[in-house]
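First the proteins, then the strands, lettered A, B, ... as listed; each starts at 1.
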Amino acid sequence: MSNKIIKKGGLLAVLLLLPSLAFADELNGANTAWILTATALVLFMTIPGLSMFYAGLVRSKNVLSVFMQCFAITCVTSILWFVAGYSLAFGEGNAWIGDFSKVMLAGVDRDTLSGDIPESLFAMFQMTFAIITPALIVGAFAERMKFSAMLLFSGIWLLVVYAPVTHWVWGGGWLGSMGVYDFAGGLVVHITAGVAALVAALVLGPRKGFPTTAMPPHNLTMTIAGAGMLWVGWFGFNGGSALAANGDAAMAILVTHISASMGALTWAFIEWRKFGKPSALGAVTGMVAGLGTITPASGFVGPGGALIIGLLAGFVCFNATQFIKQKLKIDDSLDVFPVHGVGGILGTLAVAIFASTELGVFSGYGFADGISSIADQFSVQAIGVVAVIVFTAVATYVILKLVALLTGGLRVDEEAEQQGLDIVSHEETGYNL
Amino acid sequence: MSNKIIKKGGLLAVLLLLPSLAFADELNGANTAWILTATALVLFMTIPGLSMFYAGLVRSKNVLSVFMQCFAITCVTSILWFVAGYSLAFGEGNAWIGDFSKVMLAGVDRDTLSGDIPESLFAMFQMTFAIITPALIVGAFAERMKFSAMLLFSGIWLLVVYAPVTHWVWGGGWLGSMGVYDFAGGLVVHITAGVAALVAALVLGPRKGFPTTAMPPHNLTMTIAGAGMLWVGWFGFNGGSALAANGDAAMAILVTHISASMGALTWAFIEWRKFGKPSALGAVTGMVAGLGTITPASGFVGPGGALIIGLLAGFVCFNATQFIKQKLKIDDSLDVFPVHGVGGILGTLAVAIFASTELGVFSGYGFADGISSIADQFSVQAIGVVAVIVFTAVATYVILKLVALLTGGLRVDEEAEQQGLDIVSHEETGYNL
Amino acid sequence: MSNKIIKKGGLLAVLLLLPSLAFADELNGANTAWILTATALVLFMTIPGLSMFYAGLVRSKNVLSVFMQCFAITCVTSILWFVAGYSLAFGEGNAWIGDFSKVMLAGVDRDTLSGDIPESLFAMFQMTFAIITPALIVGAFAERMKFSAMLLFSGIWLLVVYAPVTHWVWGGGWLGSMGVYDFAGGLVVHITAGVAALVAALVLGPRKGFPTTAMPPHNLTMTIAGAGMLWVGWFGFNGGSALAANGDAAMAILVTHISASMGALTWAFIEWRKFGKPSALGAVTGMVAGLGTITPASGFVGPGGALIIGLLAGFVCFNATQFIKQKLKIDDSLDVFPVHGVGGILGTLAVAIFASTELGVFSGYGFADGISSIADQFSVQAIGVVAVIVFTAVATYVILKLVALLTGGLRVDEEAEQQGLDIVSHEETGYNL
Amino acid sequence: MKLITAIIKPFKLDDVREGLSDIGVAGVTVTEVKGFGRQRGHTELYRGAEYVVDFLPKVKLEIAVSEEQLDQAIDAIIAAANTGKIGDGKIFVTNLEKVIRIRTGETGNEAL
Amino acid sequence: MKLITAIIKPFKLDDVREGLSDIGVAGVTVTEVKGFGRQRGHTELYRGAEYVVDFLPKVKLEIAVSEEQLDQAIDAIIAAANTGKIGDGKIFVTNLEKVIRIRTGETGNEAL
Amino acid sequence: MKLITAIIKPFKLDDVREGLSDIGVAGVTVTEVKGFGRQRGHTELYRGAEYVVDFLPKVKLEIAVSEEQLDQAIDAIIAAANTGKIGDGKIFVTNLEKVIRIRTGETGNEAL
Ligand SMILES: Nc1ncnc2c1ncn2[C@@H]1O[C@H](COP(=O)(O)OP(=O)(O)O)[C@@H](O)[C@H]1O
Ligand SMILES: Nc1ncnc2c1ncn2[C@@H]1O[C@H](COP(=O)(O)OP(=O)(O)O)[C@@H](O)[C@H]1O
Ligand SMILES: Nc1ncnc2c1ncn2[C@@H]1O[C@H](COP(=O)(O)OP(=O)(O)O)[C@@H](O)[C@H]1O
């Protein structure tokens, strides 16, 4: 079970107050109702949310390939999570990785509980996180990766990168034990995905024509609609990570919402000042930055803190995007690293500050057990960040090289890239209007 | 806290029956679970729901501007609601307006309750109402308003119009004390938005070319998809306004659904008779009319009453739309007033009738405390309607004039209108198919 | 009340364990919260989910007609369900059909319970099933049926086919009494819709040009977005059918998700092997097949069983689609029968196997009361399948012939078909990009 | 060489292309156009706002042919595109001074 | 007969069509095109990636007229399409050797 | 004056436009078209229903030039659009009797 619930001091008090919660090993219907909903919301984030968000940003000839990648990842990671991923992440194991005790959800029955919700539900809720994380990476290699290579990469990555890191942080592993704060997946989801994206963008190389040829989004209406779905679904992501229908969940969605709003406004206002006009794409990108950044912090900070975190998210991720694209000229095609990676890092560090109970209106709800200062919490967070970045970068690189060997190269050939992946890889076209 | 819960006679009985609800100041997990969900549903109404509904109706060159307006309003009102709006609406204050006691949600902690749900959740749920109300107005000035003016207007309007009216009705103000019935926002949401829309349409003036040039919707599939999202989200809007997961919420979504269905069928059948063919746009417009109209009534009437209310909604709003557009030739571009304003008025008055327990199969659940006849309830409702219309109209007018001064005119210039707001205001284009 | 809850042995034990559930006739807030949500999710499946899924598959000139058909069916069946359908399905009646005791939901008040949730909610939840079932049939006669005929057909079909079959299975009728297993509507929803689709396709005849003229989907992005919504909504469909927020609901969504994933992967891999390339349309079609197939089984099987069921769904429905289209040359335009009908049959039969508790990792949760072997359960299931197929086929045929008489032919004329239904039947066009 | 420009009803495109193939004309360039003419359009109604659509979707074919093929090609188009109903469209013929195949640089009839 | 090809600003389409109707030209074929010329385009910005759009949406009209109608038609187009601002467009005239109405087989001026 | 009509592969548009700019041709009108020719199309498969797409996306350029510019312009187009692979497209040249700039009423070479 996620240890974030154990971390929270007030839980026992709450348990005593509520008669129907008196025994920890009894199913709580209300919490179950909310996590059932949250699970649907997080799935909604990936399909159709993220897939629309991403698909609108590529060129028309690749629109279906992006949808297909998100969809296929959803299916493959679901099966792998059920078969082994959940066990590797949440099986007891050691400080580094779970075990095979829950392979194919062995021992998970309708009546089995995880905390006070069904374990089948906990596994399913976590599955939706395991789905979206590799799906986020799609943005880095869009418009040029072979479908077979993409599929193989995503599957291996889930088991080799995502599952262990999840274990480190939420599954009883070393980072969790150190008291690292990651409410809903700054380390686990956004940093892993962001760093993997950067590595993938470097290994695959830029799209033909980048950065000289213009590659404007083919359908921003699709992207914005998907962004709206992401926002809504994120309530399940962060609010559901409380694993309960209570004030923690409520506060989590409140801070999530405020950070998203501030991120969007900040990004749009920077554009307004800098380029003269605020763009809709800028606003929704800032919103996603705000959401990604608040994610690790969402259960630990208050709304005042969220305001600052959202502001920082918009500012830092905007500049990171410019830097990666214009200075480093890396074709992380849909800006996964500067938005999710940088946002995840920022949020994971910022929680050490805004969890403090001594910041007046910007206060949060305190540090992890046994930690008593911003500095101490910060150093734990920093260790987490560095460890996850290094591990993810190395492992992703190795997996990509391996997959390249197995599939005879990660990219489609130049002519196929020219023609577009929809026809070349899937024999379909997106639009026949 | 919304006083609609206090109004309902049966609550105490329910409290006594349910052991886990024995203390009113104890968190109810089930209610919390449902309101968490309802909050997500109401946000879903605005983004992507309403923004798609509206964006599909404008011309291709303005599609992003509509999305951007809805998005930016979402962000700005969220921050303003958190900073001051909630306090002005739900702070104790006086009969006319709240106070500054809850500025930046001061005193709202993870454990703070509002009724039996977290106050952070109540504030967040209400925030989603504060978002959609100014967003509805967008339909009136679409395709011609300056982005800066729009943003300034929406922010001021939230604090100056929406927050006080909310206080009057739900925040302990004078209308609530009189026993006005407004379950989920006929007065608070639909009349304020509808009247503001009419005023804005008049102040800004028609789009260049109206009404001689044809301005057909550029993407009705987007509009209909958005309409479906509105319908689904409305379950959270009306069902969530029970602030509990109980028979009231259930009945609210049932009557909501029936009214929507009848509204859609009525509108489509009128078109069928009058023009020979029923249109999809007609059906979804009737559906929105049915939804808006039942909103104030949704907790107080039964399904039989909802059938009639939906029928009236379709009929009256259809004719209002024709009248405004063809007789008065007002360019309320996406028909906000005839659908939401007129629907809100109609529903706010109709609840006085269909709340009666003596209409056989068309009965509802009784009048407000201390009110014992249709006539008495009706006169309270009528006072509410008139007061909200007059206040909104005057205040909106003044705000618009003020904003015009500050931004050097509310409209973009003629050439910009010609070229479309997407390029002119946001430097983007919706489609590159 | 649905008898599937009564079927489940463990319920009493659960009741005794949970203090707040001690009395069966007391409202359970947690279950209510979840079923409120599930109701919204199932409505979401039809609008916008299914309507987008279908509308993307037709040609551009018919896109609005498909939306309109789904929307109008939603409205008409909602009203009819309220007026009579619910009573015919769930009124006590006899083994074959309910009665008129609940016409216009007579006797259903805010406090009336069905099990431990409000009866208004149960009726509303079931209404969303009554909406999607006729809406599924739309796929068979898309692009050629008269709107008036479609509307009349759908209304009559709801009362004459859907309501009785629902009564047989869930309303206390003969199939339920025999111990037939149909958790969320394999017989009730998918087989009735699938068979009616096949009959309608045969009675109406193919679209002009079928099968020689290419009729490629006009907007696969819309179809895939709709597919994602169907997947998410299906959590409410199957998970909500537990009528409780508990381990049954959790397990139901888990098996649903696994079957969908396997169905999608299987279909895509068959295409990959057979045609050289996996398609996005293939993946989402396999996903729908996986979802439809697991539906009757979702409360009775475990995740291992779901893996096999999903695999079978992909394989069998793929081949059924090829067979119907290429061998039989039947223009079931959007493949309703091979996907939903065949999937429904397959799942209804497969549950007899995978409900067995003796299949190791593929075990389920046991047979119906009084049934003790796969063979016995299978024969009950087979009786159900045959009875529903025969009844649906005959009744649908008769209704279509009757409607043809009343409307002077089921199809629009050839020129109208050429021009497209959007203009001809609704005087609108989908896109003016 | 001549350039035939034929404006036809969209659903006749496949027939016309086949008709041209049959007589050995392999190359065609197709544009989606809107036509105003005698054929009446239709009315669309959006929330009561009437909108008369008097342009109709048509397809324009451009076909470069040699002088010898000209009449045959015209006949083939007429045969395939004629429905006898108003709006069947027009054929225009203009003179082509030069034709070049970009790939090879061939000119004249070779380039067709 | 002559073929007039006019490239105009999209929002002038209705005016031009009316202008042509007024002088008795009933048939027009319209294509949406993009024009490069002296009129400057605009810049689009997507997450900081600048994208200069130097083509502009234009509408192309093709109108087959008799010699007699030619000048009148040109004047009508100019009158309706002229805004005096850069980018108003061009009119091209080519010779039409043959015009055929597909429905009837009529040729020449009859076919217009 | 002459009207050059060039049908090219879409991704060559930018190159061709630059090539033309380099020799001083500033104006071009571009249409998205579909081409049938020797280049083979592809097959699409929708739930097992095969659908042979034998038209291919192409871009049509129309360029009015003076006689003097003609050859240079043709060469520039060929140089930029040639990939050596089938489907590179065609260039057609027709005679332009008249060219008018709508904005100013200028005619002839001035109007280009
Ligand atoms: N004078 C013209 N110039 C250019 N195109 C024309 C002309 N007349 C007709 N057309 C084209 O031919 C199409 C059919 O013409 P119409 O008058 O409707 O029918 P018909 O060709 O059967 O007489 C029109 O939609 C238009 O595209
Ligand atoms: N030489 C040309 N050949 C073909 N089309 C041209 C040519 N010059 C201009 N055009 C078309 O005319 C449009 C307007 O031309 P432009 O130079 O922008 O303004 P103006 O016509 O007012 O001088 C262009 O967008 C293009 O479509
Ligand atoms: N006779 C023709 N008339 C009009 N357009 C043609 C003709 N032949 C070819 N085209 C156009 O040129 C394009 C390329 O021709 P194709 O035969 O495929 O290759 P290539 O030009 O390399 O021989 C076609 O797609 C079509 O648009």
Evaluate the side chain to side chain contact (heavy atoms under 4.5 Å, CB included) criterion for residues B/Met68 and A/Ile224: first the C-alpha distance (whole Å), next the side-chain angles of each, then the deciding distance (0.1 Å), finally the verdict.
-> CA-CA 9 Å; B/Met68 181 62 169; A/Ile224 300 173; over 6 Å; no
What do the steps show when you test B/Leu43 against A/His257 for side chain to side chain contact (heavy atoms under 4.5 Å, CB included), and what is the final call?
-> CA-CA 10 Å; B/Leu43 179 62; A/His257 188 82; 3.9 Å; yes
Worked check of side chain to side chain contact (heavy atoms under 4.5 Å, CB included) between A/Phe235 and B/Phe44 | CA-CA 11 Å; A/Phe235 282 13; B/Phe44 184 56; over 6 Å; no
Evaluate the side chain to side chain contact (heavy atoms under 4.5 Å, CB included) criterion for residues A/Lys277 and B/Phe147: first the C-alpha distance (whole Å), next the side-chain angles of each, then the deciding distance (0.1 Å), finally the verdict.
-> CA-CA 10 Å; A/Lys277 294 175 189 175; B/Phe147 183 68; over 6 Å; no
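The candidate from B/Ala225, B/Ser148, B/Gly226 with the greatest count of non-hydrogen atom pairs under 4.5 Å with chain A is B/Ser148. Per-residue counts of heavy-atom pairs under 4.5 Å with chain A were compared for B/Cys75, B/Ala123, B/Ser120; the largest is that of B/Cys75. Between chain B and the options A/Trp234, A/Tyr365, A/Phe275, the largest number of non-hydrogen pairs under 4.5 Å is found for A/Tyr365. For the set A/Asn219, A/Thr221, A/Leu254, A/Thr32, the entry with the most heavy-atom pairs within less than 4.5 Å of chain B is A/Thr221. Comparing B/Val76, B/Leu36, B/Ile47, B/Ile35 by how many heavy-atom pairs each has under 4.5 Å with chain A, the most go to B/Leu36. Ranked by non-hydrogen atom pairs under 4.5 Å with chain A, the options B/Thr77, B/Thr74, B/Asp109 are led by B/Asp109.
The CD1 atom of B/Ile131 sits 6.5 Å away from atom OG of A/Ser261, with the distance rounded to the nearest 0.5 Å. The distance from atom CD1 of A/Ile258 to atom CG of B/Leu105, rounded to the nearest 0.5 Å, is 6.5 Å. Separating the CG atom in A/Asn246 from the CG atom in B/Asn28 is a distance of 12.0 Å, to the nearest 0.5 Å. To the nearest 0.5 Å, atom CE of residue A/Met262 and atom OG of residue B/Ser78 are 11.5 Å apart.
The contact between A/Leu307 and chain B is made entirely by side chain atoms (from C-beta outward), counting heavy-atom distances below 4.5 Å. Heavy atoms of B/Pro48 lying under 4.5 Å from chain A belong to its backbone as well as its side chain. At a 4.5 Å heavy-atom cutoff, the contact between A/Leu281 and chain B is made by backbone and side-chain atoms alike. Contact annotation for B/Phe67: only side-chain heavy atoms (C-beta onward) come within less than 4.5 Å of a heavy atom of chain A. In this structure, chain A has heavy atoms under 4.5 Å from both the backbone and the side chain of B/Ala40. Using a 4.5 Å cut-off between heavy atoms, A/Thr37 touches chain B through its side chain atoms alone. For A/Met222, no part lies under 4.5 angstrom from a heavy atom of chain B. For a residue to count as touching a neighbouring chain, one of its non-hydrogen atoms must lie under 4.5 Å from one of that chain's; by this rule A/Trp272 touches chain B with the side chain only.
Considering all non-hydrogen atoms of both residues, B/Ala33 and A/Ala33 come closest at CB-CB, 4.3 Å. Between A/Ala245 and B/Gly29, the shortest heavy-atom contact is CB-O, 3.6 Å. Between B/Phe71 and A/Ala227, the shortest heavy-atom distance links the atoms CZ-CB, 4.3 Å. Of all non-hydrogen atoms in A/Gly304 and B/Phe82, the two that sit nearest each other are N-CZ, 3.9 Å. Residues A/Ala250 and B/Leu121 come closest through the heavy atom pair CB-CB, 3.6 Å. Contact detail for B/Leu27 and A/Gly247: the closest heavy-atom pair is CD1-N, 4.0 Å.
Heavy-atom proximity under 4.5 angstrom to chain A picks out B/Ile423, B/Val424, B/Ser425, B/His426, B/Glu427, B/Glu428, B/Thr429, B/Gly430, B/Tyr431, B/Asn432, B/Leu433 from residues 422-433 of chain B. Listed by sequence position, B/Val63, B/Leu64 are the residues of residues 56-66 of chain B in contact with chain A, using a 4.5 angstrom heavy-atom cutoff.
By the ring pair (Phe, Tyr, Trp, His ring centres under 6.0 Å) test, A/Trp267 pairs with A/Phe318, sequence neighbours left out. The salt bridge (charged side-chain N to carboxylate O under 4.0 Å, His left out) search around A/Glu358 returns none, not counting sequence neighbours.
Checked options B/Glu119, B/Met124, B/Arg110; the residue passing with A/Met251 is B/Arg110 (criterion: side-chain contact (heavy atoms from CB on, under 4.5 Å)).
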